[in-house]
Q: 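Got a structure for you, questions after.
Any value given below was found using the heavy atoms of this structure, including those in side chains, with hydrogens, waters and symmetry copies removed. Just so we're clear, the structure is a prediction, and the values are computed from it rather than from any experiment. In what follows, residues are counted from 1 in the order of the sequence shown.
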Amino acid sequence: MEKVVILLGLLTTGWANTQSNCTSRRCLSKILIERKAITQPQNDSCTDSITVPFIEYQTISVDTKNLRLISQLKLRLEWVDPDLKWDRSVYPYEEVVVPVSSIWTPDLLITNAISTSMKHSSRDLVVNFDGTVVHNVTINANVNCEINLFNYPFAADSCPVAIQSWSLYGCGTVLDFDEIKMVDSSHGDWETTDVTLLRQRDDRYYIQVSLRIKHSSPFITLLLPSFLILIADLVSSALPLSGGERNCFKVTLVLSFTMFLNLLNDKLPGDSQCSPIIRQHFCVILVLLVFSMLVSMVLTRISQEGSLILCCWHKDPDTKDREIKEEKDNEEANGDISMIPLEESENTQILRKVVKFLEALDAKEARVEQNQSTANKLDKAFFWFYSFIGLGYFVAMYIVMAKYECVVNHFDFWY
């Protein structure tokens with residue numbers, strides 16, 4: 001029995017010596033894990049510096065309806081934890097891999113984001129012999145950005161993405177940035193033209209993201225149809241007033257444009273401090289179309305009736321002329337009864353009636369021609385007036401879209 005006890009003691013002593021003499025990377029990693037450095041490194045100033053030597057920025061999408069900038073940032077973080085140092089004379093390695101969950105890592109967030117999620121790029125990180133920790137993280141942020149859409153679809157603006165770390169009452173971490181790089185600049189209708197790392201003060205860093213809309217698609221789908229409809233309404237003046245073809249065509253244009261606006265209601269950009277002027281543009285186009293349609297209806301009535309009075313007691317000019325002629329015919333008939341000799345033939349009376357009918361027909365045709373001539377003059381005058389208004393509107397719209405600048409305060413989240 002004594003021999004067994006002595007043998008077990010020797011085995012235990014040998015295993016312990018083997019463990020103490022283990023100098024592999026895995027043994028070193030295990031030792032660092034056993035130190036349980038899961039809290040922020042503490043020093044006299046209660047503040048640690050986190051170096052961010054590299055940022056890779058990518059714009060995922062731009063939500064113009066809700067004014068959101070969806071971004072992704074990949075960052076490399078470096079900081080020093082004195083509790084993770086080791087003696088290179090014992091462990092001759094410059095770095096070792098340690099699980100992320102075994103030591104403290106800083107938390108970063110986007111100040112002006114609706115939602116932010118930070119994920120570790122890997123389950124492991126690298127620790128250097130001097131206690132320097134190197135780690136990569138990925139941040140997905142849904143940033144609230146009041147994009148200046150006044151000149152939409154020719155809009156261009158910049159949006160800040162403010163990065164910060166935790167700090168409170170003088171304790172926490174401060175960030176020190178170095179380099180930033182942009183990847184995948186084109187995404188949907190928007191294009192990221194530039195990203196710049198700036199700051200307002202020592203503890204307020206932000207990425208200035210310059211955005212520009214690719215205006216070819218919105219111009220073809222939004223502006224071009226409205227211009228073509230207005231031009232078609234202007235050219236419809238070539239159709240005759242009589243017959244109703246022009247009025248039917250103009251009513252069709254108004255209904256088609258109204259349906260066009262209803263379909264685009266969910267596609268137009270949302271309201272912001274600088275509301276898109278394209279909304280007012282569509283309103284003006286609709287007003288011009290309706291006004292042109294109403295004028296065409298009025299001119300049609302003038303060409304046919306020669307009057308705009310719609311009261312029920314108003315008598316038509318033809319009705320008045322007929323009453324006057326009937327009175328004259330009665331007077332002439334009464335006069336003829338006393339003056340025409342009995343031997344006058346009935347053929348003469350029939351001939352007089354035919355002559356009077358032809359005279360009335362000629363008078364009616366003269367009135368119709370006069371009404372049509374008046375309507376045509378008014379139609380030509382309205383055509384030139386409408387052309388002048390349309391051309392003036394196009395010029396004014398171009399000047400406003402190209403020259404006017406609406407100012408948006410992108411930093412109202414800082415106070």
Q: Would you call His281 and Val284 a side-chain contact if the rule is heavy atoms closer than 4.5 Å?
A: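 Contact flag for His281/Val284 side chains = no.
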Q: Contact between Ile33 and Pro99 at the side-chain level, heavy atoms closer than 4.5 Å - yes or no?
A: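 Yes, close enough: below the 4.5 Å cut-off.
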Q: May I ask you to check whether Ser122 and Asp124 show a side-chain donor-acceptor distance below 3.5 Å?
A: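 No - no donor-acceptor pair under 3.5 Å links their side chains.
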Q: So, does Arg68 use its side chain to make a donor-acceptor pair with the main chain of Asn142 at under 3.5 Å?
A: no
Q: Does any N or O in the side chain of Glu95 come within less than 3.5 Å of the main-chain N or O of Tyr93, such that one atom is a donor and the other an acceptor?
A: no
Q: Pairs under 3.5 angstrom only: tabulate donor-acceptor contacts from the side chains of residues 153-170 to other protein residues two or more places apart or in another chain.
A:
residue : atom : partner : partner atom : Å
Asp157  : OD1  : His410  : NE2          : 3.4
Asp157  : OD2  : Asn148  : N            : 2.8
Asp157  : OD2  : His410  : NE2          : 3.0
Ser158  : OG   : Gln208  : NE2          : 2.9
Gln164  : OE1  : Thr111  : OG1          : 2.6
Ser165  : OG   : Thr173  : O            : 3.0
Ser165  : OG   : Thr173  : OG1          : 2.9

Q: Which heavy atom of Asp379 sits nearest a heavy atom of Ser237, and at what distance?
A: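 Heavy atoms only, the tightest pair is OD2-O, 4.0 Å.
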Q: Any sub-3.5 Å donor-acceptor pair from Ser303's side-chain atoms to Thr300's backbone N or O?
A: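 Yes; judged by distance alone, with no hydrogens or angles, the pair exists.
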Q: I'd like to check Met182 versus Asp194 (side-chain heavy atoms, cut-off strictly below 4.5 Å). Are they in contact?
A: no
Q: Whether the side chain of Asp233 engages the backbone of Ile229 through a donor-acceptor N/O pair (distance < 3.5 Å, no angle test) should be reported.
A: no
Q: Is the shortest side-chain heavy-atom distance between Ser296 and Phe382 below 4.5 Å?
A: no
Q: Side chain to side chain contact (heavy atoms under 4.5 Å, CB included) between Val134 and Asn128: does it pass, once the steps are laid out?
A: CA-CA 8 Å; Val134 181; Asn128 292 318; 4.1 Å; yes
Q: In terms of heavy-atom contacts, does CD1 of Ile38 have more than 12 from other residues, nucleotides or ligands at under 6.0 Å?
A: no
Q: Determine the minimum heavy-atom distance between Leu69 and Tyr57, stating which atoms define it.
A: CD2-OH, 3.8 Å
Q: What I want to check is whether the side chains of Asp63 and Asn66 have a donor and an acceptor closer together than 3.5 Å.
A: yes
Q: Compare all side-chain heavy atoms of Leu175 with those of Leu108 and state whether any distance is below 4.5 angstrom.
A: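 Side-chain contact under 4.5 Å: yes.
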Q: Just by modelled atom types, is the Ile70 backbone N or O under 3.5 Å from a matching donor or acceptor in the Ser61 side chain?
A: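 No; judged by distance alone, with no hydrogens or angles, the pair does not exist.
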Q: Quick one: closest heavy-atom pair of Ser236 and Arg246, and the distance?
A: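 Distance-wise, the nearest heavy atoms are O-NE, 3.5 Å.
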Q: Quick check against the 3.5 Å criterion: does Asp87 have a side-chain atom that pairs as donor or acceptor with the backbone of Ser89?
A: yes
Q: Suppose we call two aromatic rings close when their centres sit under 6.0 Å apart. Are Phe291 and Tyr386 close by that rule?
A: no
Q: For residues 73-81, tabulate all N or O donor-acceptor pairs below 3.5 Å that involve a side-chain atom, not counting sequence neighbours.
A:
residue : atom : partner : partner atom : Å
Asp81   : OD1  : Asp83   : N            : 3.2

Q: Just verifying a value: how many Å separate Glu94 CD and Phe129 CZ, rounded to the nearest 0.5 Å?
A: 6.0 Å
Q: Looking at Phe385, I'd like to know if its CZ atom is crowded, meaning that more than 12 non-hydrogen atoms belonging to other residues, nucleotides or ligands lie closer than 6.0 Å.
A: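 Open: at most 12 neighbouring heavy atoms sit under 6.0 Å from CZ of Phe385.
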Q: Can you name the closest pair of heavy atoms from Pro225 and Ile220 and give their distance?
A: CD-O, 3.2 Å
Q: Is it true that atom NZ of Lys36 has more than 12 heavy atoms of other residues, nucleotides or ligands lying nearer than 6.0 Å?
A: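 It does not: Lys36 NZ has 12 such atoms or fewer within range.
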Q: Show your reasoning for whether side chain to side chain contact (heavy atoms under 4.5 Å, CB included) applies to Val133 and Trp104.
A: CA-CA 10 Å; Val133 183; Trp104 174 86; over 6 Å; no
Q: What's the spacing between Lys250 NZ and Asn247 CG if we round to 0.5 Å?
A: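 Answer for the NZ-CG pair, Lys250 versus Asn247, is 8.5 Å.
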Q: For Leu28 and Arg25, what are the C-alpha separation, side-chain angles and deciding distance, and is it a side chain to side chain contact (heavy atoms under 4.5 Å, CB included)?
A: CA-CA 5 Å; Leu28 174 59; Arg25 289 182 184 270; 5.5 Å; no
Q: Side chain of Ser210, backbone of Thr193: donor and acceptor closer than 3.5 Å?
A: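 Pair absent, no side-chain N/O of Ser210 close to backbone of Thr193.
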Q: Tell me yes or no: between the side chains of His135 and Thr105, is some donor less than 3.5 Å from an acceptor?
A: no
Q: Could you grab the distance from atom CD1 of Ile60 to atom OG of Ser71, nearest 0.5 Å is fine?
A: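 Rounded to the nearest 0.5 Å, the CD1-OG separation comes out at 7.5 Å.
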Q: Can you find a heavy atom in the side chain of Phe383 that is under 4.5 Å from one in the side chain of Leu234?
A: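 Yes, side chains in contact.
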Q: Once rounded to the nearest 0.5 Å, what's the spacing between atom CD1 of Ile231 and atom OG of Ser226?
A: 9.5 Å
Q: Going through the checks in order, is the side chain to side chain contact (heavy atoms under 4.5 Å, CB included) test met by Ile277 and Phe150?
A: CA-CA 5 Å; Ile277 196 174; Phe150 180 82; 3.9 Å; yes
Q: Are the side chain of Gln72 and the backbone of Thr138 linked by a donor-acceptor contact shorter than 3.5 Å?
A: no
Q: Please examine the side chains of Tyr393 and Ile285, heavy atoms only from C-beta on, and report whether any two atoms are closer than 4.5 Å.
A: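 Counting from C-beta outward, Ile285 and Tyr393 do come under 4.5 Å.
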Q: Testing the basics here: between Thr192 and Val195, what is the closest heavy-atom pair and its distance to 0.1 Å?
A: CG2-CG1, 4.1 Å
Q: At their closest point, which heavy atom of Tyr91 faces which heavy atom of Ser24, and how far apart are they?
A: CD2-O, 4.4 Å
Q: Quick one: sort the Phe411 and Phe413 rings into parallel, tilted or perpendicular, breaks at 30° and 60°.
A: tilted
Q: Measure the shortest side-chain to side-chain distance between Tyr206 and Leu198 over non-hydrogen atoms and say whether it is less than 4.5 angstrom.
A: yes
